[in-house]
Amino acid sequence: MLGVHFALANKTSDSTNDPVTETLSQAIRGTGEELDREPDTGVLFGSLRGSVVGLRYYTGVVNKGEMVSLVRQPQNPYDRNAVMVANVYGSQVGHIKRELAALLANIMDNNLARVEGVVPFGVKNQFTMSVVLSFWGKEENRDAVVRQITSRSFKLQTGPTGTHTHADTGTLIASSWVISCLTVCLKNAFDNLFENLMEDKIGEREAVEAVCTPLLPHQKQALSWMCVCENNVALPHFWEVKGGLFYNTLTHSSVRERPQRVRGGILADDMGLGKTLTTIALILSNFHHGKPLCEPVSCSFAGGSCLLPEHRRPSSQSHSHHLPLISTQQLAGEKTKTLLHICAHTNCQTHTHPNKQSLDQHVRADVKLNVYLYYGSERNRDTHFLSSQHVVLTTYNVLSAEYSVSGGWVCGSASPLHTVSWLRVVLDEGHIIRNPNAQQSKAVLKLNTQRRWILTGTPIQNNLRDLWMLVAFLRLKPFDVREWWNRVIQRPVTQGDKTGLQNLQALVKCVTLRRTKTSRVCGRPLVSLPERSVRIEEVELTQKEREEYELARTEGRTTISRYVAEGTVLKNYADVLAILVRLRQFCCHPDLLGKTTTHTGVVAATPAELRERLIVKLRLVLGTGSDEECAVCLNSVRLPVITHCAHVYCRPCIAQVIRSEQEQARCPLCRGQIKASELVEFPLEEEEEGSNLLENWRSSSKVEALMSSLLRLRSEDDSIRSLVVSQFTRFLTILEIPLREEGFKFVRLDGTMSQKRRAQVIQEFQSDAPGSPLIMLLSLKAGGVGINLSAASRVFLMDPAWNPAVEDQCVDRCHRLGQKRDVVITKFIVKGSVEENMVKIQRQKQDLVEKAFGTKNPGERNTSRVDEIRALMEL
DNA sequence: ACCGCCGGGTGCC
DNA sequence: ACCGCCGGGTGCC
């Protein structure tokens, strides 16, 4: 047990009932976090066969094909190069043989590569076994690693396995596109996952009478499912009992002890299907042992079947629901009785808290539910008090603030929320914790609770990595440890491995309930929505516009065909993008290009010119609706800056990177050198330009097309409201002039507005008060998901988006619950322009997504991307 | 016999 | 470990 002992000695003991396993998995987790900074950027250098020794001293079991993790043990007294081998569950299996350990220690300690192990055969004896080690790292470290390995007379096998790197800009942009396609596909996978499952496997369950709002059938199903998730002790289907052990079919690993089942899950129903109501029903209906929280005093908790162990009780039982009363005596002595409900709102005014309101709204007035709003400087931090509440509502901010101050676990000054043993923690708008580096995410992971729920309408917002945090919060073993998630799910899926995707689906399926507006229950739609129809309106350019357009197009074609001939399309992707965006802007309005337009394709000689080019690109990147996220914080870019290598980040994020890496600072996306002095941001001239735009206003064919539609619509039915959507906020500004001229009352919603202002605008637009606006000018990506614009039933999409899913999402803002009219969508497309080609490409998009999945070779994907550009430019 | 060979004892790092 | 390694016993075939 020496190895275990030393692992323990390394760590501050973090109290759990199984310190050995816990510490071991912490040690493993620790190494995982180190490498998290660049989780997918590794290239496979190669692999080699080695042996694991000392099996007889440890209890960890490993099956054929199982992955193992390698953990350095620098404190081992027999060999400071020691490398411990542990299985998926963190149980030690053995050690790497001495000579090989010396090699690994060198590589691992110098961070030259990440080393992963797989056991190729079943274990043949009790003393040693084979292990295949693979080395993953940055391209620039490949030579050093290979040298280390060969100089110690080991042979590195470099197989034909597809490797992928994000080494150059072109590849990066292309693969971020592929990832967005993957995301679309994953979203579809999410949406389809539960289509066939609901009716036969999930029953319905009535809420207790304390819930005064009647549940719809799909909400009763969700309640039933949630109760099963909390009460049922059966393991998910990817566990099998084999030879007295628990065998995980995803990781091919076995454990002796029954794995801890997730008590809870992800309720990922679409916005508006009633997640909050269902959760309130759960809170009241499924307290301890499947009993309601609010029961009449006459039915004592101590009585009868309540004492039976949970697994011996029928899982779906009907209770008699009398007038609910809360008796504190009933609850006294129970250790975990309180729900912690965490939500996004920072509004501290007691009476306007939305979650408090929905509790009040859905719970009978005669039910005395102790609900405490835990925020504001005067909040009661007493843990006994908190424990005595039925429900505590708090915010992510409060949680993480307390956690960071106290360090979460330090005795004496511990965060009250981290001290209480909760019965259940519910994360409202759970996608907020998708960034594992954020304090609030770390704080959430450390909460002590029996049951865990995540409510979110958008389980995957940007990419797969978002999901890990949710899995980690649920403690879905073993994927709550990053290494296993990365190896079993993340890397295979991002490399287009079908098995990886299947595994992901299996995993998601066992903890998630997701229905969309279009899901069906018992052959009937979950909710019935009015029809929606799309029509494409072709716009002819005027003679003069056509001439100008052709000029710009010819110029762009010349540049791009040169890149195509040179094979440097992807390398000059920023330029290519700029040309395409200019043409698309032209299709909307000639003045969209702005005065800062520079000649693309001409190499910038002076810093001033480079700067101007970068600003143009920055504007393009942020203005195209391409859903730009900062690769450092994974959130939408705030205070945008662009690097010389043309990548956009939040200024504080990239500044932090540069500060910590100093002279060696490299762009997190392309690994190009970056310096703080070379970060370029927007000049403060936007206002000026805007007014310039309006002073010499002129119309365009597309403006005319829109205006005639709007005028016709108003003359036919002046109660119909419209969304006018563009990716170019400057175009929205241009549109304001004719709208005013024709006397349309309108509001505008774009990404530059504060949350408060957005809420105002939305309220104004949704209001049916006389004189409220008929039109909303909407920038394609403004507002994010979930905003409700159901007052509108007409949508005018002024310019096509790269990603059709973004358009759908936008339309969904009015085609949703609460929509009374049929929704008509008009897409304006300029005839004989890039826009037409974009629409064609949109149609092929699904095929391309399939291709992205089918291929392992990133080269192929890039080729299809180049083809796409050629198609756009008709080359 | 300062070797080779045999066979028993032994075994992670 | 049905190995390798170590060290003692042994010694033509």
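Naming convention: chains lettered A, B, ... in sequence-line order (proteins, then strands); numbering from 1 in each chain. Worth knowing before you read on, the calculation uses all heavy atoms, side chains too, and leaves out hydrogens, waters and symmetry mates.
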Is it true that the side chains of A:Ser253 and A:Asn87 contain a donor and an acceptor less than 3.5 Å apart?
no

Please state how far atom CD in A:Gln126 lies from atom P in B:dG11, giving the value in whole angstrom units.
13 Å

Could you state the CD-P distance from A:Glu99 to C:dG4, rounded to the nearest angstrom?
14 Å

Please name all residues satisfying salt bridge (charged side-chain N to carboxylate O under 4.0 Å, His left out) with A:Asp143, sequence neighbours left out, ordered by chain then number.
none

Whole angstrom is fine here: how far is it from CG in A:Asn125 over to P in C:dC2?
9 Å

Atom-pair distance (NZ on A:Lys97; C1' on B:dC12), nearest Å
9 Å

Could you say whether the aromatic ring of A:Tyr78 and the base of B:dC12 stack, counting only centre distances under 5.5 Å and plane angles under 30°?
no

Rounding to a whole Å, what distance do you find between A:His95:NE2 and B:dG11:C1'?
15 Å

A:Arg56 side chain near B:dC12 phosphate (N/O to OP1/OP2, under 4.0 Å):
yes

Please set out all donor-acceptor pairs under 3.5 angstrom arising from side-chain atoms of residues 125-134 of chain A, sequence neighbours excluded.
| unit_1 | atom_1 | unit_2 | atom_2 | d |
| --- | --- | --- | --- | --- |
| A:Asn125 | OD1 | A:Phe127 | N | 2.7 |
| A:Asn125 | OD1 | A:Thr128 | N | 2.8 |
| A:Ser134 | OG | A:Trp136 | NE1 | 3.2 |

Between C:dG9 and C:dC5, how many Å separate the two P atoms, rounded to a whole number?
22 Å

When you check the glycosidic angle of C:dA1, does it come out syn, meaning within 90° of 0, or anti?
anti

C:dG9 pairs with, by Watson-Crick or G-U criteria that keep both distances under 3.5 Å:
B:dC5

Can you check the A:Phe127 CZ to C:dC5 P distance for me, whole Å?
17 Å

For A:Arg487, all residues meeting salt bridge (charged side-chain N to carboxylate O under 4.0 Å, His left out), sequence neighbours excluded:
A:Glu116, A:Glu483

Could you tell me which residues satisfy side-chain hydrogen bond (donor to acceptor under 3.5 Å, both in side chains) with A:Thr499, sequence neighbours excluded, listed by chain and number?
A:Asp497

Give me the residues of residues 115-122 of chain A where at least one heavy atom lies under 4.0 Å from an atom of DNA chain B, by number, or none.
none

When all nucleic acid strands are considered with a 4.0 Å heavy-atom cut-off, which category describes A:Ile96: base, sugar-phosphate, or nothing?
sugar-phosphate

Spacing of the C1' atoms in B:dG8 and B:dC13 (rounded, Å):
26 Å

Measure the distance from CG on A:Leu55 to C1' on B:dC12 and round it to the nearest whole Å.
9 Å

B:dC13 base / A:Tyr57 side chain donor-acceptor hit below 3.5 Å:
no

Restricting to side-chain contact (heavy atoms from CB on, under 4.5 Å), what partner residues turn up for A:Thr249, sequence neighbours left out?
A:Phe238, A:Glu240, A:Tyr247

Classify the angle between the aromatic ring planes of A:Tyr89 and A:Trp239 as parallel (below 30°), tilted (30 to 60°) or perpendicular (above 60°).
tilted

Counting only distance, no hydrogens or angles, is the base of B:dC13 paired donor-acceptor with the side chain of A:Asp79 under 3.5 Å?
no

